[in-house]
Amino acid sequence: MGILSQAERDRLASLIQEGKPLPVKYRSALFSGDDAEYVEATKDYRLVYKGKMPKEAVLRTTPAAPLQHIRSFNADNPFDEEWRNMLIFGDNLLALKAIYNDQHGPDRYRTKNRIKLIYIDPPFATRQDFMKDREKAYRDKVIGAQFLEFLRRRLIIMREILADDGVVYVHLDTKKGHYGKAILDEVFGEENFLNEIVWRRSTSHSDAQKYGQVHDLIYFYGKGTLYHWETPFRGYTKAYVDRYFRFRDPDGRRYWKEDATGAGAGPARRFGDRTIEPPAGRHWRWTQDKIDEHWKNDRFVLTASGKPEFKRYLD
(Lines give C-alpha, C1' and ligand atoms only; values in the text may rest on other atoms or scores of the structure.)
Protein backbone atom coordinates (compact mmCIF):
# COMPACT_ATOMS: atom_id res chain seq x y z
CA MET A 1 0.00 0.00 0.00
CA GLY A 2 1.17 3.52 -0.75
CA ILE A 3 1.60 6.34 1.74
CA LEU A 4 -0.90 9.20 1.78
CA SER A 5 -0.20 12.73 2.95
CA GLN A 6 -2.41 14.25 5.61
CA ALA A 7 -4.02 16.50 3.00
CA GLU A 8 -4.86 13.46 0.84
CA ARG A 9 -6.31 11.64 3.85
CA ASP A 10 -8.46 14.65 4.69
CA ARG A 11 -9.68 14.84 1.09
CA LEU A 12 -10.56 11.13 1.02
CA ALA A 13 -12.40 11.41 4.35
CA SER A 14 -14.38 14.36 2.97
CA LEU A 15 -15.32 12.44 -0.20
CA ILE A 16 -16.47 9.43 1.82
CA GLN A 17 -18.58 11.60 4.14
CA GLU A 18 -20.20 13.26 1.11
CA GLY A 19 -20.90 9.87 -0.47
CA LYS A 20 -18.81 10.62 -3.56
CA PRO A 21 -16.69 8.05 -5.44
CA LEU A 22 -12.98 7.97 -4.73
CA PRO A 23 -10.51 8.83 -7.51
CA VAL A 24 -9.01 5.77 -9.19
CA LYS A 25 -5.48 7.06 -8.56
CA TYR A 26 -5.86 6.20 -4.86
CA ARG A 27 -6.60 2.53 -5.58
CA SER A 28 -3.02 1.38 -5.07
CA ALA A 29 -2.72 3.36 -1.87
CA LEU A 30 -5.89 1.99 -0.34
CA PHE A 31 -5.96 -1.61 -1.61
CA SER A 32 -3.21 -4.18 -1.85
CA GLY A 33 -2.09 -5.19 -5.32
CA ASP A 34 -3.03 -8.84 -4.88
CA ASP A 35 -6.70 -8.11 -4.00
CA ALA A 36 -8.97 -10.37 -6.06
CA GLU A 37 -11.46 -7.51 -6.46
CA TYR A 38 -11.33 -3.77 -6.07
CA VAL A 39 -14.40 -2.51 -4.23
CA GLU A 40 -15.11 1.13 -4.91
CA ALA A 41 -15.64 3.06 -1.67
CA THR A 42 -18.91 4.96 -2.11
CA LYS A 43 -22.08 5.56 -0.14
CA ASP A 44 -23.58 2.47 -1.80
CA TYR A 45 -22.87 -1.11 -0.83
CA ARG A 46 -23.25 -4.38 -2.65
CA LEU A 47 -23.35 -8.07 -1.86
CA VAL A 48 -20.35 -10.00 -3.09
CA TYR A 49 -20.31 -13.79 -3.10
CA LYS A 50 -19.12 -16.62 -5.27
CA GLY A 51 -21.32 -17.38 -8.25
CA LYS A 52 -23.16 -14.04 -8.30
CA MET A 53 -24.35 -13.27 -11.83
CA PRO A 54 -24.88 -9.71 -13.08
CA LYS A 55 -28.54 -8.73 -13.36
CA GLU A 56 -28.29 -8.29 -17.11
CA ALA A 57 -26.87 -11.81 -17.47
CA VAL A 58 -29.70 -13.25 -15.35
CA LEU A 59 -32.29 -11.73 -17.69
CA ARG A 60 -30.34 -12.65 -20.82
CA THR A 61 -29.18 -16.22 -20.10
CA THR A 62 -31.95 -17.72 -17.94
CA PRO A 63 -33.76 -20.24 -20.16
CA ALA A 64 -37.53 -20.24 -20.52
CA ALA A 65 -39.64 -23.38 -20.48
CA PRO A 66 -42.49 -23.13 -22.99
CA LEU A 67 -45.84 -23.18 -21.20
CA GLN A 68 -47.90 -26.12 -22.42
CA HIS A 69 -51.66 -26.07 -22.02
CA ILE A 70 -52.81 -29.15 -20.11
CA ARG A 71 -56.25 -28.36 -18.67
CA SER A 72 -58.68 -25.46 -18.48
CA PHE A 73 -60.94 -24.47 -15.61
CA ASN A 74 -63.98 -22.20 -15.72
CA ALA A 75 -63.33 -21.53 -19.42
CA ASP A 76 -66.95 -20.44 -19.97
CA ASN A 77 -66.58 -17.50 -17.56
CA PRO A 78 -63.85 -15.26 -19.05
CA PHE A 79 -62.43 -12.21 -17.30
CA ASP A 80 -62.29 -8.75 -18.83
CA GLU A 81 -59.64 -7.98 -21.46
CA GLU A 82 -58.96 -11.68 -22.09
CA TRP A 83 -57.33 -12.16 -18.68
CA ARG A 84 -57.25 -15.71 -17.32
CA ASN A 85 -55.81 -17.35 -14.25
CA MET A 86 -53.07 -19.93 -14.74
CA LEU A 87 -51.75 -22.76 -12.60
CA ILE A 88 -48.21 -23.46 -13.81
CA PHE A 89 -46.48 -26.75 -13.02
CA GLY A 90 -42.69 -26.79 -13.25
CA ASP A 91 -39.50 -24.99 -12.23
CA ASN A 92 -40.52 -21.50 -11.17
CA LEU A 93 -37.38 -19.85 -12.56
CA LEU A 94 -38.10 -21.17 -16.05
CA ALA A 95 -41.79 -20.25 -15.75
CA LEU A 96 -40.93 -16.72 -14.60
CA LYS A 97 -38.61 -16.29 -17.57
CA ALA A 98 -41.36 -17.53 -19.91
CA ILE A 99 -43.70 -14.85 -18.54
CA TYR A 100 -40.91 -12.25 -18.82
CA ASN A 101 -40.31 -13.17 -22.47
CA ASP A 102 -44.04 -13.05 -23.21
CA GLN A 103 -44.38 -9.60 -21.65
CA HIS A 104 -41.55 -8.36 -23.85
CA GLY A 105 -43.10 -10.00 -26.89
CA PRO A 106 -46.67 -10.88 -27.89
CA ASP A 107 -48.15 -10.70 -24.36
CA ARG A 108 -50.30 -13.73 -25.12
CA TYR A 109 -51.01 -14.32 -21.44
CA ARG A 110 -52.07 -10.68 -20.87
CA THR A 111 -49.83 -10.25 -17.81
CA LYS A 112 -47.97 -7.11 -18.87
CA ASN A 113 -48.40 -4.48 -16.13
CA ARG A 114 -51.17 -6.60 -14.56
CA ILE A 115 -49.31 -8.68 -11.96
CA LYS A 116 -50.09 -6.73 -8.80
CA LEU A 117 -48.84 -9.05 -6.09
CA ILE A 118 -46.31 -11.86 -5.76
CA TYR A 119 -46.03 -13.99 -2.63
CA ILE A 120 -43.25 -16.57 -2.35
CA ASP A 121 -42.44 -19.11 0.33
CA PRO A 122 -39.05 -20.40 -0.84
CA PRO A 123 -37.03 -23.20 0.79
CA PHE A 124 -35.13 -22.09 3.90
CA ALA A 125 -31.86 -23.99 3.24
CA THR A 126 -32.73 -26.64 5.82
CA ARG A 127 -30.78 -29.42 4.01
CA GLN A 128 -33.85 -31.65 4.26
CA ASP A 129 -36.08 -33.63 1.92
CA PHE A 130 -39.76 -32.76 2.24
CA MET A 131 -42.34 -35.48 1.70
CA LYS A 132 -45.96 -35.42 0.56
CA ASP A 133 -48.09 -38.57 0.72
CA ARG A 134 -44.93 -40.65 1.25
CA GLU A 135 -43.36 -39.25 -1.88
CA LYS A 136 -40.56 -36.70 -2.10
CA ALA A 137 -42.09 -33.29 -2.82
CA TYR A 138 -38.85 -31.29 -3.08
CA ARG A 139 -35.28 -31.20 -1.80
CA ASP A 140 -34.15 -28.23 0.26
CA LYS A 141 -30.43 -28.79 -0.23
CA VAL A 142 -29.34 -25.45 -1.72
CA ILE A 143 -27.22 -23.71 0.94
CA GLY A 144 -24.71 -20.89 1.41
CA ALA A 145 -23.96 -18.63 -1.55
CA GLN A 146 -25.94 -20.98 -3.79
CA PHE A 147 -29.06 -20.26 -1.73
CA LEU A 148 -28.54 -16.50 -2.01
CA GLU A 149 -28.16 -16.68 -5.78
CA PHE A 150 -31.06 -19.15 -6.06
CA LEU A 151 -33.32 -16.56 -4.42
CA ARG A 152 -31.81 -13.48 -6.05
CA ARG A 153 -32.21 -14.67 -9.65
CA ARG A 154 -35.88 -15.34 -9.10
CA LEU A 155 -36.43 -11.99 -7.41
CA ILE A 156 -34.75 -10.19 -10.31
CA ILE A 157 -37.22 -11.65 -12.81
CA MET A 158 -40.16 -11.18 -10.41
CA ARG A 159 -39.43 -7.48 -10.18
CA GLU A 160 -39.33 -7.21 -13.96
CA ILE A 161 -42.74 -8.85 -14.46
CA LEU A 162 -44.51 -6.97 -11.65
CA ALA A 163 -46.87 -4.15 -12.54
CA ASP A 164 -45.60 -0.65 -11.79
CA ASP A 165 -47.85 -0.55 -8.71
CA GLY A 166 -47.08 -4.15 -7.73
CA VAL A 167 -45.72 -5.52 -4.46
CA VAL A 168 -43.87 -8.64 -3.35
CA TYR A 169 -44.02 -10.64 -0.11
CA VAL A 170 -41.11 -12.98 0.69
CA HIS A 171 -41.57 -15.52 3.49
CA LEU A 172 -38.37 -16.70 5.22
CA ASP A 173 -37.32 -18.00 8.61
CA THR A 174 -35.04 -16.38 11.19
CA LYS A 175 -31.96 -18.22 9.87
CA LYS A 176 -32.24 -16.77 6.35
CA GLY A 177 -34.38 -13.68 6.82
CA HIS A 178 -31.49 -11.24 7.18
CA TYR A 179 -29.85 -12.59 4.01
CA GLY A 180 -33.15 -12.32 2.18
CA LYS A 181 -33.67 -8.71 3.24
CA ALA A 182 -30.19 -7.75 2.03
CA ILE A 183 -30.96 -9.30 -1.36
CA LEU A 184 -34.36 -7.60 -1.50
CA ASP A 185 -32.73 -4.25 -0.68
CA GLU A 186 -30.39 -4.79 -3.63
CA VAL A 187 -33.01 -6.00 -6.13
CA PHE A 188 -36.00 -3.82 -5.17
CA GLY A 189 -34.17 -0.93 -3.52
CA GLU A 190 -33.90 -0.27 0.19
CA GLU A 191 -36.16 2.75 -0.28
CA ASN A 192 -38.98 0.43 -1.39
CA PHE A 193 -38.95 -1.65 1.80
CA LEU A 194 -42.38 -1.35 3.42
CA ASN A 195 -42.66 -3.83 6.30
CA GLU A 196 -41.09 -6.74 8.12
CA ILE A 197 -44.06 -8.83 9.19
CA VAL A 198 -43.49 -11.19 12.12
CA TRP A 199 -45.65 -14.26 11.66
CA ARG A 200 -46.00 -16.15 14.93
CA ARG A 201 -46.43 -19.89 14.72
CA SER A 202 -49.00 -21.49 16.98
CA THR A 203 -46.40 -23.56 18.84
CA SER A 204 -42.61 -23.54 19.24
CA HIS A 205 -40.18 -26.33 18.52
CA SER A 206 -38.71 -28.26 21.45
CA ASP A 207 -35.42 -26.38 21.72
CA ALA A 208 -34.04 -27.56 25.05
CA GLN A 209 -30.76 -25.62 24.90
CA LYS A 210 -32.04 -22.25 23.63
CA TYR A 211 -35.15 -20.09 23.30
CA GLY A 212 -37.85 -21.69 21.20
CA GLN A 213 -38.17 -20.60 17.57
CA VAL A 214 -41.73 -19.31 17.46
CA HIS A 215 -41.90 -17.05 14.39
CA ASP A 216 -41.11 -16.64 10.71
CA LEU A 217 -40.61 -13.40 8.77
CA ILE A 218 -42.40 -11.96 5.75
CA TYR A 219 -40.73 -9.06 3.92
CA PHE A 220 -43.00 -6.65 2.08
CA TYR A 221 -41.59 -4.48 -0.74
CA GLY A 222 -43.09 -2.28 -3.42
CA LYS A 223 -41.73 -2.18 -6.93
CA GLY A 224 -41.80 1.60 -6.58
CA THR A 225 -43.54 4.35 -4.67
CA LEU A 226 -46.88 3.93 -6.50
CA TYR A 227 -47.68 0.55 -4.97
CA HIS A 228 -51.32 -0.48 -4.54
CA TRP A 229 -52.50 -0.77 -0.93
CA GLU A 230 -55.78 -1.78 0.66
CA THR A 231 -55.99 -1.54 4.43
CA PRO A 232 -56.78 -4.97 5.93
CA PHE A 233 -59.66 -5.21 8.36
CA ARG A 234 -60.88 -7.99 10.62
CA GLY A 235 -64.60 -8.27 11.15
CA TYR A 236 -66.08 -7.42 14.52
CA THR A 237 -67.69 -10.13 16.60
CA LYS A 238 -71.37 -9.83 17.50
CA ALA A 239 -70.41 -9.42 21.16
CA TYR A 240 -68.10 -6.52 20.28
CA VAL A 241 -70.78 -4.81 18.15
CA ASP A 242 -73.43 -5.24 20.83
CA ARG A 243 -71.10 -3.84 23.48
CA TYR A 244 -69.75 -0.77 21.68
CA PHE A 245 -72.20 0.10 18.89
CA ARG A 246 -75.20 0.33 21.20
CA PHE A 247 -76.77 3.41 19.65
CA ARG A 248 -78.86 3.64 16.49
CA ASP A 249 -80.07 6.37 14.16
CA PRO A 250 -83.76 6.33 13.18
CA ASP A 251 -82.77 4.53 9.95
CA GLY A 252 -81.10 1.76 11.98
CA ARG A 253 -77.43 2.71 11.45
CA ARG A 254 -75.42 1.69 14.49
CA TYR A 255 -72.77 3.92 16.07
CA TRP A 256 -70.78 4.55 19.19
CA LYS A 257 -70.27 7.95 20.79
CA GLU A 258 -66.65 9.10 20.53
CA ASP A 259 -64.87 11.89 22.40
CA ALA A 260 -64.78 15.01 20.19
CA THR A 261 -61.76 16.51 21.98
CA GLY A 262 -58.02 15.91 22.10
CA ALA A 263 -55.29 16.78 24.58
CA GLY A 264 -54.13 20.39 24.60
CA ALA A 265 -55.65 23.86 24.75
CA GLY A 266 -57.87 25.25 22.03
CA PRO A 267 -60.56 27.83 21.29
CA ALA A 268 -64.31 27.53 21.61
CA ARG A 269 -66.18 26.26 18.55
CA ARG A 270 -69.72 26.69 17.30
CA PHE A 271 -71.96 23.60 17.22
CA GLY A 272 -75.18 24.58 15.49
CA ASP A 273 -76.42 27.71 17.23
CA ARG A 274 -74.27 27.18 20.35
CA THR A 275 -70.66 28.20 20.99
CA ILE A 276 -69.05 25.69 23.33
CA GLU A 277 -65.75 25.87 25.19
CA PRO A 278 -63.70 22.63 25.28
CA PRO A 279 -63.06 21.12 28.72
CA ALA A 280 -59.96 22.31 30.60
CA GLY A 281 -56.76 21.02 29.04
CA ARG A 282 -58.58 19.84 25.90
CA HIS A 283 -59.30 21.17 22.40
CA TRP A 284 -61.91 20.39 19.77
CA ARG A 285 -60.50 17.90 17.25
CA TRP A 286 -61.68 19.75 14.12
CA THR A 287 -61.59 23.17 12.52
CA GLN A 288 -64.80 25.19 12.49
CA ASP A 289 -65.40 24.35 8.82
CA LYS A 290 -65.12 20.63 9.53
CA ILE A 291 -67.40 20.91 12.57
CA ASP A 292 -69.98 22.71 10.45
CA GLU A 293 -69.80 19.89 7.88
CA HIS A 294 -70.19 17.18 10.54
CA TRP A 295 -73.07 19.10 12.16
CA LYS A 296 -74.86 19.37 8.83
CA ASN A 297 -74.47 15.60 8.34
CA ASP A 298 -75.88 14.86 11.84
CA ARG A 299 -72.59 13.41 13.11
CA PHE A 300 -72.85 14.90 16.63
CA VAL A 301 -74.99 14.09 19.64
CA LEU A 302 -75.14 16.24 22.78
CA THR A 303 -74.89 14.76 26.26
CA ALA A 304 -77.24 15.79 29.05
CA SER A 305 -74.67 18.44 30.05
CA GLY A 306 -74.50 19.75 26.48
CA LYS A 307 -71.10 18.27 25.53
CA PRO A 308 -70.84 17.24 21.85
CA GLU A 309 -69.88 13.63 21.11
CA PHE A 310 -69.05 12.27 17.66
CA LYS A 311 -70.96 9.42 15.99
CA ARG A 312 -68.59 6.71 14.79
CA TYR A 313 -70.71 4.47 12.57
CA LEU A 314 -70.28 0.72 12.39
CA ASP A 315 -70.46 0.79 8.59
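Everything quoted here is computed from the prediction, not taken from an experiment. Just so you know, these numbers use all the heavy atoms, side chains as well, and skip hydrogens, waters and symmetry mates.
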Could you tell me whether [X] sits above the aromatic face of [Y], with NZ or CZ closer than 6.0 angstrom to the six-membered ring centre and within 45 degrees of the axis?
X      : Y      : value
Arg153 : Phe150 : no
Lys223 : Phe188 : no
Lys311 : Phe247 : no

Is it true that the side chains of [X] and [Y] contain a donor and an acceptor less than 3.5 Å apart?
X      : Y      : value
Glu230 : His228 : yes
Gln103 : Thr111 : yes
Asp259 : Thr261 : yes
Asn195 : Tyr221 : no

I'd like a table of donor-acceptor pairs (distance under 3.5 Å, sequence neighbours excluded) in which one partner is a side-chain atom from residues 64-71, with atom names and distances.
residue, atom, partner, partner atom, Å
His69, NE2, Arg71, O, 3.3
His69, NE2, Ser72, OG, 2.6

Ion pair present between [X] and [Y], side-chain N to carboxylate O less than 4.0 angstrom?
X      : Y      : answer
Lys97  : Glu160 : no
Asp251 : Arg253 : no
Lys290 : Glu293 : yes
Asp107 : Lys112 : no

### Residue pair Gly266 / Pro278: nearest heavy atoms and the distance that separates them
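Result for this residue pair: O-CG, 3.4 Å.
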
Would you call [X] and [Y] a side-chain contact if the rule is heavy atoms closer than 4.5 Å?
X      : Y      : answer
Leu117 : Val168 : no
Tyr100 : Asp102 : no
Val167 : Leu162 : no
Pro308 : Val301 : no
Arg11  : Ser14  : no
Tyr49  : Glu149 : yes
Arg312 : Phe310 : yes
His178 : Lys181 : no

### Message
Applying a strict under-4.5 Å side-chain criterion to I, L, V, M, F, W and Y, I'd like to know whether Ile118 and Ile88 cluster together.
### Response
yes

### Query
According to a 4.5 Å side-chain heavy-atom criterion applied to Ile, Leu, Val, Met, Phe, Trp and Tyr, with indirect links allowed, do Tyr227 and Ile218 form part of one hydrophobic cluster?
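Yes: a chain of side-chain contacts under 4.5 Å links Tyr227 to Ile218.
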
### Message
Run the salt bridge (charged side-chain N to carboxylate O under 4.0 Å, His left out) test on Arg246 and Asp242 for me, step by step, so that the C-alpha distance in whole Å, both residues' side-chain angles and the decisive distance to 0.1 Å come before the verdict.
### Response
CA-CA 6 Å; Arg246 305 190 307 272; Asp242 290 342; over 6 Å; no

### Message
Check the orientation of Tyr240 and Tyr244. Use parallel for under 30°, tilted for 30 to 60°, and perpendicular for over 60°.
### Response
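If you compare the ring of Tyr240 with that of Tyr244, the planes turn out tilted.
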
### Main-chain N/O of Phe300 paired with His294 side-chain donor or acceptor, under 3.5 Å
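Not at all, since once roles are kept as given, no pair shorter than 3.5 Å links the two residues.
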
### Query
Asp121 side chain to Leu172 main-chain N or O, any donor-acceptor pair under 3.5 Å?
no

#### Entry: Option among Phe220, Tyr219, Trp199 that satisfies the ring-ring contact (aromatic ring centres under 6.0 Å, His included) test with His171
Trp199

### Message
I need the full list of salt bridge (charged side-chain N to carboxylate O under 4.0 Å, His left out) pairs touching residues 267-276, with sequence neighbours left out, sorted by first then second residue.
### Response
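Residue pairs passing salt bridge (charged side-chain N to carboxylate O under 4.0 Å, His left out), neighbours aside: Arg270-Asp292.
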
### Message
Under the side-chain contact (heavy atoms from CB on, under 4.5 Å) test against Val187, which residue among Arg152, Met158, Arg154 passes?
### Response
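Single side-chain contact (heavy atoms from CB on, under 4.5 Å) partner of Val187 among Arg152, Met158, Arg154: Arg152.
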
### Query
What about Trp284 and Phe271, are their ring centers closer than 6.0 Å?
yes

### Query
Roughly how far, to the nearest 0.5 Å, is CG of Asp185 from CG of Leu47?
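If I round to the nearest 0.5 Å, the distance is 9.0 Å.
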
### Query
Should Ile157 and Thr62 be marked as a side chain to side chain contact (heavy atoms under 4.5 Å, CB included) after you check the CA-CA gap, both sets of side-chain angles, and the distance that decides it?
CA-CA 10 Å; Ile157 303 178; Thr62 299; 4.1 Å; yes

### Task
Evaluate the criterion side-chain hydrogen bond (donor to acceptor under 3.5 Å, both in side chains) for residue pair Asp249 and Tyr313; output intermediate values, then yes/no.
CA-CA 10 Å; Asp249 276 346; Tyr313 285 105; 2.4 Å; yes

